[in-house]
Chemist: 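Next up is a structure, given as structure tokens.
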Amino acid sequence: MNPIVFAIPVFMAFVGLEAWLAWRRGLKVYRLHDALTSINIGAMSETIRALLKLLSLAVYAVVVERVGAFSWDLKSPWVWVLAFFMYDFFYYWAHRSGHEVNLLWAAHVVHHSSEDYNLSTALRQSSTNQVFYWLFYLPMAIVGIPVTVFVVIALISVVYQFWSHTQLVGKLGWADRVFVTPSNHRCHHGRNDYCLDKNYGGTLIIWDRLFGTYVAERDDEPVVYGTLVPLQSWNPLWGNLKNYVGIWRQVRGTAGWSNKLMRVFAPPGWGNADAPAPALPSAASISRFDTPALKWQHVYGLLASAVIFGLLFNLLIVAQSLSVPQRAAYAAVLVLNAVGMAWVFEGKRWALGFEALRAALVFGALAAGLWFGPVSLPAQVAALFALALSWGMLALARGERAKLGWPLAGVAA
Ligand SMILES: [Zn+2]
Ligand SMILES: [Zn+2]
């Protein structure tokens with residue numbers, strides 16, 4: 001069973017707890033559209049992982065078996081200690097490359113696309129970095145670190161990194177100089193000048209101090225979150241693809257093969273020296289992407305997210321028993337769900353029609369037993385009731401839309 005199945009409810013509980021604590025302290029660190037988008041992007045990433053992870057782990061296992069230089073005893077604590085330090089070291093370089101190589105930045109940028117910073121931001125993970133990133137860890141396979149050890153250490157790293165995405169924990173003294181902590185990871189997510197390309201560590205921050213990329217959070221200049229070129233969208237699919245499209249356009253617009261290659265592999269922004277640099281934000285000039293918050297749209301978003309999570313849970317549980325085309329079809333349905341919700345948030349002209357159709361297909365397939373197999377009469381009634389509820393909320397959102405005008409342009413808040 002995929003251990004993420006157990007981690008997701010725990011992560012969600014902490015997101016709820018943080019939102020409640022922030023609300024009690026009067027801090028505005030959550031916006032529902034942004035948080036649901038982060039969660040949606042996370043669901044999409046796990047969906048794609050269910051397709052790809054087995055493949056990359058299979059390659060890792062083959063390398064251990066064929067090339068593995070040493071054989072390690074799983075019971076020895078030293079193999080775990082060595083694997084931890086190796087994993088964290090290669091994580092640093094994978095993450096640093098994710099910021100300093102344009103193609104890899106295209107994969108990683110979505111993690112930085114939120115202009116808020118809270119525990120839900122931790123869930124905003126890339127769907128495409130799984131295509132590249134496992135290559136960075138192959139030296140561990142070459143040394144012979146067993147697959148089991150690799151998987152457990154990687155999971156510990158993922159779980160550890162979750163807690164550093166919060167504004168509710170201040171500076172922690174010496175710990176900020178040894179471990180990745182909320183304070184030094186806040187800097188990593190900053191678009192302030194002093195924050196750019198700093199603090200790449202996963203669990204330990206010592207690698208940044210060793211390789212000259214460490215910076216401490218400044219009290220006199222609050223961190224402004226996000227990227228220099230903002231995403232300006234709630235769409236999880238666009239969040240994952242936007243920079244690839246950008247690279248494609250840059251390559252087409254660049255003459256000469258070596259320059260074209262530089263567009264792909266040089267640091268982001270290479271060749272733009274003549275273009276005016278984006279204005280660096282100061283805390284006083286925070287401008288974040290936002291769209292009008294409509295009541296029924298919020299309620300619909302919460303329920304649509306619940307459906308996405310129900311489907312994701314099921315996919316993670318049954319993924320191993322599905323064929324590759326079945327998994328791909330399931331993943332496509334999940335992605336369409338997430339995209340449909342984003343279109344409702346963004347007030348796209350076609351959003352309500354698309355969502356009405358999508359809800360009919362999802363709940364219709366459930367009621368007809370096409371998806372989870374033959375279902376009982378009460379379950380059929382429940383699915384049809386959910387469809388009616390969905391349509392009801394879309395109709396109410398339509399009423400709100402009529403009052404405000406639609407499509408709603410993104411506005412800065
Ligand atoms: Zn990063
Ligand atoms: Zn982060």
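Please read all numbers here as calculations on a predicted model, not as lab measurements. We number each residue from 1, following the sequence as shown. Indexing begins at 1, ligand by ligand and atom by atom, following the structure's order.
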Chemist: State, to the nearest 10 degrees, the angle whose vertex is the Zn ion (ligand 2) and whose arms point to NE2 of His165 and NE2 of His185.
Modeler: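 Rounded to 10°, it measures 90°.
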
Chemist: For the Zn ion (ligand 1), which N, O or S atom of His112 is at the shortest distance?
Modeler: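 Among the N, O or S atoms of His112, the one closest to the Zn ion (ligand 1) is NE2.
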
Chemist: Do side-chain atoms of His188 reach the backbone of Asn199 as a donor and acceptor pair under 3.5 angstrom?
Modeler: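 Checked: pair present.
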
Chemist: Within 2.8 Å of the Zn ion (ligand 1), is there any N, O or S atom belonging to His189?
Modeler: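 For His189, the answer is no, given that no N, O or S atom comes within less than 2.8 Å of the Zn ion (ligand 1).
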
Chemist: For the side chain of Glu355 and the backbone of Val344, is there at least one donor-acceptor N/O pair under 3.5 Å apart?
Modeler: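 No, Glu355 side chain to Val344 backbone: no donor-acceptor pair under 3.5 Å.
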
Chemist: Describe, in one word, how the ring planes of His33 and His298 are oriented to each other, choosing from parallel (under 30°), tilted (30 to 60°) and perpendicular (over 60°).
Modeler: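 If you compare the ring of His33 with that of His298, the planes turn out perpendicular.
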
Chemist: Taking 2.8 Å as the cut-off, does His188 contribute an N, O or S atom near the Zn ion (ligand 2), distance below it?
Modeler: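 Not a single backbone or side-chain N, O or S atom of His188 is under 2.8 Å from the Zn ion (ligand 2).
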
Chemist: Relative to the ring of His108, is the ring of His95 parallel (under 30°), tilted (30 to 60°) or perpendicular (over 60°)?
Modeler: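 Aromatic pair His95/His108 classed perpendicular.
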
Chemist: Once you measure the plane-to-plane angle for Phe70 and Trp72, does it fall in the parallel (<30°), tilted (30-60°) or perpendicular (>60°) bin?
Modeler: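 Taking Trp72 first and then Phe70, their aromatic rings stand perpendicular (interplane angle over 60°).
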
Chemist: Quick check: of its N, O or S atoms, which one does His99 have closest to the Zn ion (ligand 1)?
Modeler: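 For His99, the N/O/S atom sitting closest to the Zn ion (ligand 1) is NE2.
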
Chemist: Given the Zn ion (ligand 1) as the apex, I'd like the angle to NE2 of His108 and NE2 of His95, rounded to 10 degrees.
Modeler: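 Rounded to 10°, it measures 90°.
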
